[in-house]
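Computation of the quantities below employed the complete heavy-atom set of this structure, encompassing side-chain atoms and omitting hydrogens, waters and symmetry-equivalent molecules. Chain letters run A, B, ... following the sequence lines, proteins first and then strands; every chain starts at 1.
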Amino acid sequence: MATISETTPAPSLTRQDFISDQEVRWCPGCGDYAVLAQMQKILPQVGVARENFVFVSGIGCSSRFPYYMNTYGFHSIHGRGTAVATGIKCANPNLSVWVVTGDGDGLSIGGNHMLHTLRRNVDVKVLLFNNRIYGLTKGQASPTSEHGKHTKSTPVGSIENPINPVSFAISAEATFVARTVATETKHMASVLRRAADHRGAAFVEIYQNCNIFNDGTFEDVTARDVKSDRLVVLEHGKPLVFGKNSNLAVRLHNLHMEVGPLDAPSNGSHLIVHDERASDPTLAHILGNMRWPDYPECIGVFRDVRKPTYDELLLGQIDQAQSAKGAGSLQDLIHSGDTWTIE
Amino acid sequence: MATISETTPAPSLTRQDFISDQEVRWCPGCGDYAVLAQMQKILPQVGVARENFVFVSGIGCSSRFPYYMNTYGFHSIHGRGTAVATGIKCANPNLSVWVVTGDGDGLSIGGNHMLHTLRRNVDVKVLLFNNRIYGLTKGQASPTSEHGKHTKSTPVGSIENPINPVSFAISAEATFVARTVATETKHMASVLRRAADHRGAAFVEIYQNCNIFNDGTFEDVTARDVKSDRLVVLEHGKPLVFGKNSNLAVRLHNLHMEVGPLDAPSNGSHLIVHDERASDPTLAHILGNMRWPDYPECIGVFRDVRKPTYDELLLGQIDQAQSAKGAGSLQDLIHSGDTWTIE
Amino acid sequence: MADTKEVTTPIKEVDRVTIRFAGDSGDGIQLSGSQFTLATARLGNDLSTLPDFPAEIRAPAGTLPGVSSFQISFSENPIFTPGDQPDVLVVMNPAALKVNLKDLTDGGIIVANANTFVPANFKKAGYDSNPLEDGSLKAYRVIPLPITELNARALADAPLTKKEIDRSKNFFALGVVYWLFDRPVESTVEWVQDKFKRRPEIAKANVTSLKTGYNYALTTEVFTSHYRVRKADMEPGEYRNITGTEATALGLVAAARLADKPLFYGSYPITPASDILHELAKFKQFDVRTFQAEDEIAAVCATIGASYAGAVAITGTSGPGLALKAEAIGLAVMTELPIVIINVQRAGPSTGMPTKTEQGDLAMAFNGRHGESPVAILAASSPSDCFTMAMEAVRIAVQHMTPLILLTDGYLVNGAEPWRLPDVEELSRIRITQDADPETFQPYGRDPETLARPWVTPGHPGLEHRIGGLEKAEGSGVVSHDPLNHERMVGLRAEKIARIAHDIPELEVEGERSGDILVLGWGSTYGAIISACRQMRTEGVRVSNAQLRYLNPFPRNLGNILSRFKLVLVPELNLGQLRDILAARYPGNRYMGLNKVQGQPFKIGEIRAKLEEILETGVMV
Amino acid sequence: MADTKEVTTPIKEVDRVTIRFAGDSGDGIQLSGSQFTLATARLGNDLSTLPDFPAEIRAPAGTLPGVSSFQISFSENPIFTPGDQPDVLVVMNPAALKVNLKDLTDGGIIVANANTFVPANFKKAGYDSNPLEDGSLKAYRVIPLPITELNARALADAPLTKKEIDRSKNFFALGVVYWLFDRPVESTVEWVQDKFKRRPEIAKANVTSLKTGYNYALTTEVFTSHYRVRKADMEPGEYRNITGTEATALGLVAAARLADKPLFYGSYPITPASDILHELAKFKQFDVRTFQAEDEIAAVCATIGASYAGAVAITGTSGPGLALKAEAIGLAVMTELPIVIINVQRAGPSTGMPTKTEQGDLAMAFNGRHGESPVAILAASSPSDCFTMAMEAVRIAVQHMTPLILLTDGYLVNGAEPWRLPDVEELSRIRITQDADPETFQPYGRDPETLARPWVTPGHPGLEHRIGGLEKAEGSGVVSHDPLNHERMVGLRAEKIARIAHDIPELEVEGERSGDILVLGWGSTYGAIISACRQMRTEGVRVSNAQLRYLNPFPRNLGNILSRFKLVLVPELNLGQLRDILAARYPGNRYMGLNKVQGQPFKIGEIRAKLEEILETGVMV
Ligand SMILES: Cc1ncc(C[n+]2csc(CCOP(=O)(O)OP(=O)(O)O)c2C)c(N)n1
Ligand SMILES: Cc1ncc(C[n+]2csc(CCOP(=O)(O)OP(=O)(O)O)c2C)c(N)n1
Ligand code: SF4
Ligand code: SF4
Ligand SMILES: [Mg+2]
Ligand SMILES: [Mg+2]
């Protein structure tokens, strides 16, 4: 069998190299297609040999993603993709491990594994396809469904308060947190590209339309005619300016955000310069919590900081033990402790 | 059988009424004793009949709590106390339901149920006994154990980043979030009392010493000689002033906290007035994230807002259906739809 | 089409017909099926139906994975299955033909929408040439109709878009089939008018399509004859057609009412169990409290909590979810709280084939928990039996204070059959007697007959007590590590389940009470088994059959029955899980398995074939 | 103390002795026990030990729940259990006496620290009067010694606090016992000096206490005689005393080395399995990667991931955790990935009695997953056998590409026995052959002999493929809903497990190869069964015994063996789980259960008693 190759780029991969032979089985019009296409486009640029990519998923429409990628892939069980990925990374830290999950898979049944994977800073990239509904099981409320939403399981409206995935990831201290929109293909590609380069737990929420069970759920902010006034594209080191004519800005007033014309007089508030690299998560939190209709919504990278990853630390302890004690001798190990000899 | 009594105070309950006949089985010196004593002290004041209290727990040293309370009690399985409590509350919203859990029970195996119970705003009071260790299983690292901590399961130091329970609860949008210290009995009693009065999901982190497996874990901030300089007691509507002689203050500078003498000149920073009731969780987040040795740590109520509870909304939908359609007739229900008659 | 008799008119009388409608998910197949079902039911036929959904939500139009179908079998005789093989296949496109043809009976009729058999489509379905024309179907009677075109022509004047007009072509096809089987169109006309009251132009178009289809078949001579199935001899009463899911939900609501308690249903969505949640969520006026949990573990734990606090508490799931609930079911065993766990089985292991049926979870229902952890187990045997067994599940759980697993499966819950509606007055109340005197109250005291402990819920003054997952001292229920107490409690918990046998009906045998062969099934194999055995008995074969719906404990006469037959044939949709349990419990009998693990129910013919093989090979001697 | 022979010196030779040390958790009981064990092992006795910890971490001093004990049995003959009943009980306080007296053999010796028998203490233990003085112990030989006082006097000059002085009183007691059983104190002196090298004053005090105790017993005449147990005839070699936990951990490390892969251990702490995690966490230099997961589900899923990526991947837990892992084990079944799940059984159901032993999870190991979901199952039979079976578990899992459950239990993992150390050179490599040619690679292609699929891990160019929990097409492994493929795959997965039978040893029978009674146990009941049967055979009874360590599949000769006995007695620490499986798999034999569910292991006498009952009641005729 061929041996594990180093993480060097294979000479000339193209998008085509990442398309598997499996027929894509999402509903026509599903937002998942766009993510797949962009992923297949950016991977050749990442500088990792194809055989070193692994796509792991749980269960859901989104979780069929690995079948369509001509890489190693593992379609696991509902909610457990992050846990499976953690094991993969521990066994072989060389691999570039991606987890594809849905709002139900990743935040309902899989919420705890998500939390712990992020806080451990396991070097996996998590793509959460948020369509605010259970797609595969045909339309129940998900943990990101809006309060009051009518679904098959909530015929007179959901009585729960939705989770904000970005805030969740920031609280969990993920070292990379971003949000993008499946229909904004260029933006999405750039966010995926940055996630690919990040070392550590990367979390990307993708607004994804389920045209069958929750059509138009993000239209309020993503529709062609409103998006420039309702989406703020975060850029590191730049103020939060947006709007069709870059005429609007987000300002901080004490601890609250205010939105108004760029040239409005400052009444105690000030323009914020986005800082992805802040070790303090407060700004990221505030930006993540901006939700329509109270605020425009932010897309882009909320946070990108470098900390030692779980797998680095794990292997580090092993290296340390081995350099301190030498690579263990099994004979010595077995014969250690209080032994005696019978002749 | 006697019928369910209304939530009216039994005439004259005393602490004694809440002491069960079971011998308390914690290690001598364990911090859990103090919580038990304060709980038994405050309950007679709450104005709820004894038979309407239910204490639910998972598994852990702390989770033995229900046995010692002369109320209804349910010592369930590891991590699931919040889920059991949710069911209890749905079946009988009249009850005052308390969940006792540990840092392992509530944030490791039970992290997901905790998250969802809080976000749903189920009307339960969760007491998280944080001793930063697994007590019952004799000393493994917990999700709140410090990075680098040596425990039975991490003999050369933990490689994980701890969860901050208060931040976790605030992100989960718990409507009541507080922190107290088991050795600060008066403070603890007042926090418990307020949790008892809160309608909605109340989360209380209690710093609790496990003198057997993690002795002194909070000493850095709670020890008698340092605590006044290292603990900031939050009070609604008051500035964050602390210190032996109330000579220190926490100030906000942009989005960061600064700590210094109360009378220091303001260089762009300003004193913060604590606001438990802010609907925006930013301040609560910032306060929750203050950790020794970078900052003093805050105790008291971080957040206390009123929102409709899960059980109110659930029963509300039923009331609404019944007033719209009348309390359903089984005969009609069975005979509904497309029926036909064979003669 | 068994047993056709020539009559003088072009109407042939037949005793049983099976029709399958098939097309794209978007073709309105399920609607056509249910309308045909209603019309058929009103005519007084006995019937049974089964839809088949694609595994994908909405695979691209015209592809094989996108095909949806609906099968109905109806007869003048009692009927128990939706039929082994369709006699008539109505296909709306080439993919539907491709997927379903293999099941069609030899010489069966194919009604095809010829307009869809154009190269782009038939290639998508994997045909090289047009199967309607290339002679490959000559074993069948093919009726190609240009349905799209005829329908469009009929609606040429309708104020509708082309897409809207097209969407009504299933009514045209339905009209054709109505004529073919001599059903009146009225029930469907009424339904359409009610359904589209807000869009009368659509209602009108659908009615026009339906009638045009009917008349087209009547006036043109595409069919040489048409068919009639006589009224069945059914018990008088009011009926409705009911799916297993609907029956389950109604049974639960009824049971909670009869126990005079709120109904709590805690569940996490999973195919094919989710529909129970959807159904129950509609019944809020019955004080049904549905809780969509974050996962199966939370669902069962909340259910335990709700039971503890006094609700009739149910959780429902399918295989993978039952596995996840295992630990918590153990807690319900130890705390002796009544909960019902409904497991709608599907093909495993792991994610398996989620939309396909199987009986693979029986062994897990018995043994899928750590320690000695007995629970009661029931299984429903037909769609409408889900009503009865859901009620039984609640009754047994609350009267015997035990968790109970009710097994159904994908085939049962999606299938439907006419259900003779019970009179609510006739249903007996579920009595819960648990007076507890604060002076003498023992949380783990027991009813001397059932061994059930009292169900004392929070809110009762003077009865405050603590329960939990640690071993309990007999009587007091306080935590105990005493070795002999543990052994006694393990024994008591087992005995409590065993005693349920006194509270359930004896097993009934159809056919002779003793003899050569007993076909013993459980749950949803009922229809195929009873059909096969009845057929063979009419042919003079000495074979008896019985169906287990109470599995733990078994009916008290089971051992006796087994010992009266030379061979017990146990058909199961698994590798022999019931057979193994019987062999351990009732040794000394001869068991043979008939095991099918294909994600599909038994066909009547498969049971027959096995019986014939047994008779021929003479294993009986 | 069976079979004492008078000799001319006051030393009596005895062939087997069982001693139990008991006291408060803080009394250093476990330490005394392990030191006594080491001294005994060095003398060449065979031995077996068992500690018993209180369920509470540290119950208040002097209370019954706070009592900790340590039992050792040693002999000149091969020994398999820590002894049914102690001959000698060393108690450091009244509570220790109260808890342990019921187990002491009639006429046994009680060495008691008389200083602790003051009213405050003996009342705390539930005695009304001083049991050492009130005559209630007259059936025993009571030796009350003022140990605290004597020890304090011996250390009067030591530069230590009173508390520190007191803490060494266990060494005084140990010295007394060393004299009583004629053991040299040297090994303990060495150990103390090494252990307390940084605190020489403590080391000195402990040594003084030990020697003073020894000399006190020697010079005073409190004992009328002392005892000697001769060297056992043990196989020459190097030995160490090993607990089941240590042996498990070493076996895993060894197996990973022999397979030339990193060892991944993913686990969530749970009594009594946590210690495996603690052990393995120490072996980082062996490339052991331990992962303390957030729960059992994450633990098993990470283990599956690690296996997928090429590690020898293990997860360990106890009953409730195995229940939680059920769904994910199904995923490993479907993806045919090698993982080992160690289940250290404890008394259930639910939380049960977590510190007590049981064999209640066998049925769950077989059936505790949805669908047809077969896994391999092994069970270790003694503490040191955990080493062998852990290695076997890894070997079978990776060579047959299957999840495998290894059953141990609380009794095994805490118990210890001398282990003859293997020479690493003698251990055979675990070969994994899975060359895969990108041209012909089939993710679900199979080895024609074992039916194992190739273990191709990410990182290999040209072999990229996808696996998952949905049903797989034979060979290609792509998702398939084909009915017949499903049936074939269900069959293949079952057959793959069945074929492991060719790769495991045949079952060995001790005693005659056929006859009246076979005592067939599994796992940890080995010691009690073999001891009882050997005893009875020496007494002329025709009884054979065999112990199953390979449970799924069973050894290929099992059916044959069973058929050669008139009665198969199956002792189990459950209600008959193995017996049921045997009855289903091998019908036609006569099985009888011997079932004990008390959270405690079998005593030799209990097995004997059952056999005697069988012989007496003549059920055999
Ligand atoms: C243990 C288990 N529980 C439930 C399910 C059923 N299930 C499959 S996917 C899913 C949720 C899908 O929603 P989401 O994660 O948002 O993904 P989407 O389909 O919307 O992409 C559920 C409940 C399952 N497969 N396994
Ligand atoms: C399913 C399951 N897994 C593991 C355990 C073992 N267990 C019991 S308590 C506990 C953790 C205790 O820690 P914590 O919650 O912090 O409580 P503490 O004892 O410190 O109060 C664990 C791992 C269990 N009982 N059940
Ligand atoms: S159901 Fe929704 S999410 Fe799923 S494939 Fe269809 S459109 Fe996409
Ligand atoms: S182990 Fe720690 S937490 Fe548990 S009872 Fe003892 S001191 Fe308290
Ligand atoms: Mg979704
Ligand atoms: Mg803890």
Side-chain angles (χ1 to χ4, degrees), chain A residues 1-5 10 20 22 49-54 56-57 59 66-67 69-77 80 83-92 94-95 112-113 115-116 314-315 317-318 320-322 324-328 330-331 333-343, chain D residues 38 41-42 44 234-241 250 253-254 257 262 264 266 283-287 289 291 293-295 297-298 301-311 313 327-328 331 421-424 434-436 456-470 478-479:
Chain A
M1 181 149 79
T3 51
I4 303 231
S5 61
S20 85
Q22 295 296 299
R50 187 175 64 178
E51 64 272 18
N52 285 338
F53 283 110
V54 184
V56 183
S57 64
I59 301 285
Y67 290 121
M69 296 294 302
N70 191 13
T71 62
Y72 283 90
F74 200 150
H75 181 216
S76 77
I77 45 178
R80 319 300 177 189
V84 171
T86 298
I88 293 175
K89 210 53 206 182
C90 292
N92 184 354
N94 263 339
L95 302 170
N112 206 33
H113 309 308
L115 168 69
H116 289 277
L314 180 72
L315 276 284
Q317 290 191 335
I318 287 171
Q320 218 174 349
Q322 291 185 332
K325 308 182 195 170
L330 191 56
Q331 182 76 10
L333 177 65
I334 287 177
H335 291 253
S336 65
D338 291 320
T339 66
W340 67 91
T341 304
I342 304 246
E343 265 134 34
Chain D
L38 189 59
R42 293 237 167 123
M234 292 173 81
E235 211 182 324
E238 198 177 347
Y239 282 80
R240 65 190 269 198
N241 199 46
L250 287 186
V253 174
R257 265 296 160 93
F264 176 89
F283 299 145
K284 301 202 189 300
Q285 70 277 26
F286 290 90
D287 200 0
R289 308 177 188 181
F291 168 60
E294 58 273 25
D295 65 12
I297 299 175
C301 287
T303 301
I304 291 171
S307 165
Y308 173 66
E327 191 212 0
L331 176 65
L421 305 181
D423 189 335
V424 169
Q434 47 199 329
D435 294 294
V456 170
T457 56
H460 293 93
L463 303 178
E464 292 85 353
H465 65 284
R466 276 68 54 193
I467 61 173
L470 287 164
V478 302
V479 173

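Heavy atoms closer than 4.5 Å to chain D are found nowhere in I59(A), neither backbone nor side chain. Neither the backbone nor the side chain of Q320(A) comes within contact range of chain D, judged by heavy atoms closer than 4.5 Å. Heavy-atom distances place the side chain of L314(A), and not its backbone, under 4.5 Å from chain D. Heavy atoms of I467(D) lying under 4.5 Å from chain A belong to its backbone as well as its side chain. Residue Y239(D) touches chain A through both its backbone and its side chain, counting heavy-atom pairs closer than 4.5 Å. When heavy atoms are compared at a cutoff of 4.5 Å, Y308(D) approaches chain A solely by way of its side chain, counted from C-beta outward. For chain A, no part of A313(D) is nearby; none of its heavy atoms comes within less than 4.5 Å. For a residue to count as touching a neighbouring chain, one of its non-hydrogen atoms must lie under 4.5 Å from one of that chain's; by this rule E327(D) touches chain A with backbone and side chain alike.
Between the side chain of Y72(A) and the backbone N or O of H460(D) there is at least one donor-acceptor pair closer than 3.5 Å. A donor-acceptor pair is defined here as one N or O able to donate and one able to accept, closer than 3.5 Å; such a pair exists between the side chain of E464(D) and the backbone of G462(D). With R257(D) contributing its side chain and G328(A) its backbone, the two residues share a donor-acceptor pair below 3.5 Å.
When I304(D), I297(D), V479(D), D295(D) are compared by the number of non-hydrogen pairs under 4.5 Å with chain A, I297(D) comes out ahead. For the set M69(A), K89(A), Q322(A), Q317(A), the count of heavy-atom pairs under 4.5 angstrom toward chain D peaks at Q322(A).
With rounding to the nearest 0.5 angstrom, the NE2 atom of H75(A) is 10.0 Å from the CG atom of L331(D). Between the CZ atom in R80(A) and the NE2 atom in H113(A) there is a gap of 4.0 Å [rounded to 0.5 Å].
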Quick one: side chains of residues 333-343 of chain A, donor-acceptor pairs under 3.5 Å with protein atoms, not counting sequence neighbours, listed by atom name and distance.
residue : atom : partner : partner atom : Å
H335(A) : ND1  : E238(D) : OE1          : 2.9
H335(A) : NE2  : Q331(A) : NE2          : 3.2
H335(A) : NE2  : P422(D) : O            : 3.3
S336(A) : OG   : L333(A) : O            : 2.7
T339(A) : OG1  : E238(D) : OE2          : 3.0
W340(A) : NE1  : A41(D)  : O            : 3.3

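The side-chain hydrogen bond (donor to acceptor under 3.5 Å, both in side chains) test applied to K284(D) returns no partner, not counting sequence neighbours.
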